[in-house]
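What follows is a short report on a single structure.
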Amino acid sequence: MATWTDLDRELRIWQDAGHVPTFWWRDDDTERPTPALDRLIGLAEGAGVPLHLAVVPAGVAPDLAARLARAQDVHVMQHGLAHINHEPPGARASEVGQNRDIALQLRDLADGWQRLVAAGLPNLLPAFAPPWNRIAMTTLPHLPGLGYRLLSAFDATVPQAHVPGLVQINVQCDPIRWKDGARFRGSDTTLHILLEHLRQRRRGDVPRDEPTGLVTHHLQTDEATWDFTQRLLAHLTQPGQTRWLRLSSFMESG
């Protein structure tokens, strides 16, 4: 397990080596303005870091665009179509999984994108975050043809696929434990996960320029998770020690 002291020590190691670790933040399942969304945006704005919302197109409320237009440095990516599981009983949940007809998947993806465009959401990126972080490997090559330039899943769920025309920027750290109901997994375990990716980058086990991704879910966040996230941002926004990235920078360079 790990402590806040361990995190600060790792950041000092990076700094002593003349390197600045990079991070990025994705939050899933946005559909409408809520007090939780306001709290999330306020947390990001207070820390001065970019926030990427994975928005469910079928549930987009008419007033979401106006709320996001008042936000600072908040960006939108597509989160499936309706966040509905189409896999058979016994298979892991997915909206774009290996057991669903590819034509139906592509239809829904295109429909979802058009809904986000029609909703007038600001800072809309041609980026796709699959619900449940699961997408069939046979679906991935079709994404560039639909206009997507970036895929974001979870490292343990979708490994790097190297699809031409598609940049893949995954997340690694989720402070929520989902088994038997969403709840905070604890500071020591969450910090261990975060530190493990930072150490892998430093050792060269994964590319050093691969940002460490934080994923949150504002609608399922309890007070312990809110408190942890706020403290984490405070540790990871020290001047000169870290840098928080926007996904748009990867599409500009990719």
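Reckoned from all heavy atoms, side chains included, excluding hydrogens, waters and symmetry mates.
Under a hydrophobic-cluster definition in which Ile, Leu, Val, Met, Phe, Trp and Tyr are linked whenever side-chain heavy atoms come within less than 4.5 Å, directly or via other members, L214 and I176 are assigned to different clusters. Under the 4.5 Å side-chain contact rule for hydrophobic residues, L121 and V117 share a cluster. V56 and L106 fall into different hydrophobic clusters, where Ile, Leu, Val, Met, Phe, Trp and Tyr side chains are chained together by heavy-atom contacts under 4.5 Å. Follow the hydrophobic side-chain contacts under 4.5 Å out from L7 and you never reach I13; the two are in separate clusters. Side-chain heavy atoms closer than 4.5 Å link hydrophobic residues (I, L, V, M, F, W, Y) into clusters, and following such links, possibly through other members, connects V55 to L151.
With hydrogens and angles left out, the side-chain atoms of Q105 and H86 include no donor and acceptor closer than 3.5 Å. Using a 3.5 Å distance cut-off with no hydrogens or angles, the side chains of R201 and T22 do pair a donor with an acceptor. At a cut-off of 3.5 Å, with distance as the only test, no side-chain donor of Q230 or W226 sits close to an acceptor on the other residue. D8 and T5 share no donor-acceptor pair across their side chains, judged by distance under 3.5 Å alone.
Going from atom CD of E31 over to atom CG of L219 covers 8.0 Å, rounded to the nearest 0.5 Å. To the nearest 0.5 Å, the span separating OG1 on T189 from NE2 on H192 amounts to 8.0 Å. Rounding to the nearest 0.5 Å gives a distance of 9.0 Å between CD of E223 and OG1 of T225. Note that CD1 of I193 and OG1 of T212 are 12.5 Å apart. Values are rounded to the nearest 0.5 Å. One finds the CH2 atom of W14 at 6.0 Å from the CZ atom of R208 (value rounded to the nearest 0.5 Å). We find the OG1-CZ distance between T216 and R26 to be 9.0 Å, quoted to the nearest 0.5 Å.
Of the residues listed (F250, F128, W244, W24), the one engaging H52 in a ring pair (Phe, Tyr, Trp, His ring centres under 6.0 Å) is W24, and it is the only one.
Q98 contributes no side-chain N or O that, together with a main-chain N or O of T138, makes up a donor-acceptor pair within less than 3.5 Å. Under the 3.5 Å distance criterion, the side-chain polar atoms of S152 are matched with a main-chain donor or acceptor of I169. Side-chain atoms of D27 come within 3.5 Å of backbone N or O of H218 as a donor-acceptor pair. In this structure, the side chain of R67 does not engage the main chain of R32 through any donor-acceptor pair within 3.5 Å. Within the 3.5 Å criterion, the main-chain N or O of D155 finds no donor-acceptor partner in the side chain of Q172. Counting only distance, with no hydrogens or angles, the side chain of Q241 and the backbone of T237 share no donor-acceptor pair below 3.5 Å. Counting only distance, with no hydrogens or angles, the side chain of E87 and the backbone of S94 share no donor-acceptor pair below 3.5 Å. Using a distance-only test at 3.5 Å, with no hydrogens or angles considered, no donor-acceptor pair links the side chain of R177 to the main chain of F184. Between the side chain of Q78 and the backbone N or O of P126, no donor-acceptor pair lies under 3.5 Å.
Looking at W25 and T229, their side chains come closer than 4.5 Å, going by heavy atoms from C-beta outward. The shortest distance between side-chain heavy atoms of V60 and R115 does not fall below 4.5 Å. A heavy-atom distance below 4.5 Å is found between the side chains of P33 and L64. Residues D6 and R9 are in side-chain contact: their nearest non-hydrogen atoms beyond the backbone lie under 4.5 Å apart. Residues L40 and L37 meet the side-chain proximity criterion, which asks for heavy atoms closer than 4.5 Å. Side-chain contact between L191 and L232: present, with at least one pair of heavy atoms (C-beta onward) separated by less than 4.5 Å. Side chains of L11 and L236 form a contact here, defined as non-hydrogen atoms less than 4.5 Å apart. Within the 4.5 Å cutoff, no side-chain heavy atoms of D111 are placed close to those of P57.
The aromatic rings of W113 and Y148 stand perpendicular to each other, their planes meeting at an angle above 60°, with 30° marking the opposite boundary.
Summarising the geometry of N85 relative to A93, their closest heavy-atom pair is OD1-CA, 3.3 Å, with the distance given to 0.1 Å. A234 approaches Q238 most closely through the heavy-atom pair O-NE2, 2.7 Å. Of all heavy-atom pairs spanning L245 and P211, the tightest one is CD1-CB, 4.0 Å. What you find for V215 and P175 is that their closest heavy atoms are O-CD, 3.3 Å. Closest approach of A182 to Q220, counting heavy atoms only: CB-CB, 4.1 Å. Among all heavy-atom pairs drawn from R134 and P130, the shortest one is O-CB, 3.4 Å.
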- May I have the step-by-step check of side-chain contact (heavy atoms from CB on, under 4.5 Å) for H75 and L247, ending in yes or no? CA-CA 9 Å; H75 309 265; L247 289 183; over 6 Å; no
- Item | Verdict with supporting geometry, V96 and D108, side-chain contact (heavy atoms from CB on, under 4.5 Å) | CA-CA 9 Å; V96 284; D108 283 0; over 6 Å; no
- Item | Audit row: L150, L125, side-chain contact (heavy atoms from CB on, under 4.5 Å) steps and yes/no | CA-CA 9 Å; L150 187 142; L125 303 173; over 6 Å; no
- Query: Does the pair D73 and N123 meet the rule for a side-chain contact (heavy atoms from CB on, under 4.5 Å), with working shown?
  - Reply: CA-CA 9 Å; D73 217 356; N123 297 323; over 6 Å; no
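With sequence neighbours excluded, the residues forming a ring pair (Phe, Tyr, Trp, His ring centres under 6.0 Å) with H217 are W178, listed by chain and number. For W4, the ring pair (Phe, Tyr, Trp, His ring centres under 6.0 Å) partners are F228, H235, not counting sequence neighbours.
Identified under the salt bridge (Lys or Arg N to Asp or Glu O under 4.0 Å) test for residues 179-194, with sequence neighbours left out: none.
Within 6.0 Å of atom CZ in R199, more than 12 heavy atoms from other residues, nucleotides or ligands are found, so the atom counts as buried in its surroundings.
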